[in-house]
There are 2 protein chains.
Amino acid sequence: MLDIVRQDNEETTSGAARVFTFFRDRLLAGDLKAGDRLLPERELALALGVSRPVLREALRSLAMLGLLDIQHGRGAFVRAADASVLGQALTLCLAPEPNILDDVLQARIAIECQAIRLACERASERDLQAIAGILDTLVESLDDPERGGGADYAFHLALVRASGSVALMKIYEAISPLLMRSHVERRRDTFREPAITSRLVDAHREVFLSLARRDPDQAERALREHFLIGDELRRKNLISNYQPREITS
Amino acid sequence: MLDIVRQDNEETTSGAARVFTFFRDRLLAGDLKAGDRLLPERELALALGVSRPVLREALRSLAMLGLLDIQHGRGAFVRAADASVLGQALTLCLAPEPNILDDVLQARIAIECQAIRLACERASERDLQAIAGILDTLVESLDDPERGGGADYAFHLALVRASGSVALMKIYEAISPLLMRSHVERRRDTFREPAITSRLVDAHREVFLSLARRDPDQAERALREHFLIGDELRRKNLISNYQPREITS
DNA sequence: TGTCCTAAATTGGTAAGACCACGGACTGAC
DNA sequence: GTCAGTCCGTGGTCTTACCAATTTAGGACA
């Protein structure tokens, strides 16, 4: 086992990095599956030919990345890689940039528009039924910004899921937390105006119908229309929230 | 400084995790900028009230994430967050899934189609000139799969850059390494057929012209057309590469 | 005989100290 | 003035010891 570690790394890389890449490659190769338990730290350190602190540095790094679940007194377990890591990485990458929200929204539109095109080809009956169900929930919960926002999000998530593309889904999940905040806030601002909510429901219904008709161009158009409405609302809110301040200042 | 660490974390979290989130939050908040040098490990451990191994575990984790650049004999420096972290995270998330390549390609199409729409609105003259220059390189290097592939990639990257969306750009950079391989391979398979290469150049030129005309719908259509050509080629290659095996087996 | 409680073994968490290896800066000799 | 050697600061590693949480097994009691 020691030899394995030594052979696939130049001796220039330090110990902790060596152990880190060792486990990462094992994960990528599928040698380690989710739920697997690692050997105790002391044995592992001995087997890999490094001291316990060095091993721990590598293990902690993997844990911070969300790849390992280390439990006091129990051991270290391989965790199924989820999108939360991606989301964190994205957040860190985008942290120094200003006006991230608009930008991430563009990424969201990108993902969804492609997803709905794929969904028009690939969506199963179950997918369509799921989306239809969420649409009903959306209509029911018009007067509850919390539930309504949740249904709204669920609708779009179901769209992406119906595309059958894992990559799109993961990226969408990664950017979702960044969108969530604005999603609910906007809803809270606008849910009282019947004209807007009715337009919102119409837009969602139109998207769904186009998808059910398996018409990619029409579906994408409907979706873009929906986003335009949202954009318009955001501008309106920005203005109405900003004007008073300017007057008072 | 010790108090700061203690206050914004429950005492349930372990020391290394506490230090880790401490620095991560500092990075997110912008208190630590790229190029900044951290205090020596010994002083830092003292200041934060933890032992040196614990501090090292946290620092290592940050380094593995690409947020820190630890140099032997010099010190630890804050590194500008780049897309490579994102790419690694994405790779890890998608590792267990089969047929990732097609899937990532869908993500690429999603990003580019949205990017070109934005680019039609936002692209500067310099952006357009840059793309035009790459187009020339593309034409010149038709007979060199290596250079041609590079120019092809540069063309699409320039498209996304012209969108002016950092988020789209980062995500595109993140998925690029996963695409690179197939990109060059495909090119190597097809570059000898003049009919194909001429179609390829026409497709790129068409995309560029639509962008220069600031026509989002037309630009997206041209881009999708281009991807369809690529898809067609891929199928053809798959078939021609697969048939012989089936016969010989 | 069964159940519950306690104590030991297992395993991760933390600390302290010592030493090695690398880089840069200072100082001396040429 | 330039070059080389040495010293200091810094990260890299190892050893050892002990603490804390969890599990498990064995013994006491009903």
Side-chain angles (χ1 to χ4, degrees), chain A residues 1-6 9-24 26-27 32 34-79, chain B residues 1-6 9-24 32 34-79:
Chain A
M1 208 166 190
L2 185 147
D3 294 339
I4 296 169
V5 183
R6 287 279 150 82
N9 282 288
E10 310 304 323
E11 61 279 349
T12 55
T13 58
S14 65
R18 229 167 40 220
V19 178
F20 178 83
T21 57
F22 171 74
F23 281 108
R24 194 200 53 191
R26 285 298 132 112
L27 286 165
L32 290 172
D36 285 358
R37 179 180 168 182
L38 266 56
L39 280 88
E41 291 185 354
R42 290 166 178 85
E43 295 177 37
L44 215 47
L46 196 65
L48 291 162
V50 294
S51 69
R52 210 178 138 214
V54 170
L55 179 82
R56 275 183 58 81
E57 285 176 16
L59 256 43
R60 288 311 282 233
S61 298
L62 292 162
M64 298 295 179
L65 272 166
L67 271 55
L68 239 50
D69 187 16
I70 303 180
Q71 297 178 27
H72 193 164
R74 298 196 58 205
F77 302 85
V78 178
R79 178 147 47 170
Chain B
M1 212 169 188
L2 186 146
D3 295 339
I4 296 169
V5 183
R6 288 276 149 84
N9 282 288
E10 310 305 322
E11 61 279 350
T12 57
T13 59
S14 66
R18 231 168 38 220
V19 178
F20 178 84
T21 56
F22 171 73
F23 280 108
R24 195 200 53 192
L32 290 172
D36 285 357
R37 179 181 168 180
L38 267 54
L39 277 77
E41 290 185 355
R42 291 166 178 84
E43 295 177 37
L44 215 46
L46 196 64
L48 292 164
V50 295
S51 70
R52 204 172 147 221
V54 170
L55 179 80
R56 276 184 58 81
E57 285 175 17
L59 256 43
R60 273 290 184 181
S61 299
L62 292 163
M64 298 295 178
L65 271 166
L67 271 55
L68 239 50
D69 187 18
I70 304 180
Q71 297 179 26
H72 194 162
R74 298 196 57 204
F77 301 84
V78 178
R79 177 147 49 170

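Only this structure's heavy atoms are used, side chains among them; waters, hydrogens and symmetry mates stay out. Per chain, numbering begins at 1; letters A, B, ... match sequence-line order.
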Rounded to whole angstroms, how far apart are CZ on B:Arg60 and P on D:dG12? 5 Å

Rounded to the nearest angstrom, tell me the gap between atom CD in A:Glu57 and atom P in C:dG12. 16 Å

Minimum heavy-atom separation for B:Ala16 and B:Ala58, please, with both atom names. O-CB, 3.5 Å

Counting only side-chain N and O atoms of B:Arg56, is one of them less than 4.0 Å from OP1 or OP2 of D:dG11? no

Expressed in angstrom and rounded to an integer, what is the separation of B:His72 atom NE2 from D:dT10 atom P? 13 Å

B:Arg52 side chain near C:dC19 phosphate (N/O to OP1/OP2, under 4.0 Å): no

Side-chain heavy-atom pair B:Leu67, B:Phe23 within 4.5 angstrom cut-off: no

Tell me whether B:Arg60 contacts the main-chain N or O of A:Val54 through its side chain, where contact means a donor paired with an acceptor under 3.5 Å. no

Please give me the minimum heavy-atom distance between A:Leu59 and A:Ile70, naming the atom from each residue. O-CD1, 3.9 Å

Starting at the 5' end of DNA chain C and moving along, which residue's nearest nucleotide shows up first, A:Pro53 or A:Gly73? A:Gly73

Closest to side chain of B:Glu41, choosing from C:dA16, C:dG13, D:dG11: D:dG11

Grab the CG-C1' distance between B:Leu62 and D:dG11 for me, whole Å please. 16 Å

Taking only the side-chain heavy atoms of A:Arg37 (C-beta and beyond), determine which of D:dC14, C:dT14, C:dT11 contains the nearest atom. C:dT11

I want to verify a distance call: between D:dT13, D:dG12, C:dG12, whose nearest atom is closest to the A:Pro40 side chain? C:dG12

Just how far, in rounded Å, is C1' of C:dG12 from CG of A:Leu55? 11 Å

A:Glu43 CD to C:dT11 C1': how many Å, rounded? 10 Å

Holding to side chain to side chain donor-acceptor pair (under 3.5 Å), I want the full list of residues that pass it with B:Arg52, two or more places apart in sequence or in another chain. B:Glu41

5′-ward residue of the pair B:Arg74/B:Arg42 relative to DNA chain C: B:Arg42

Whole angstroms only, please: what is the CG-C1' distance between A:Leu46 and C:dT11? 16 Å

What's the CD1-C1' distance between A:Ile70 and D:dA20, to the nearest Å? 16 Å

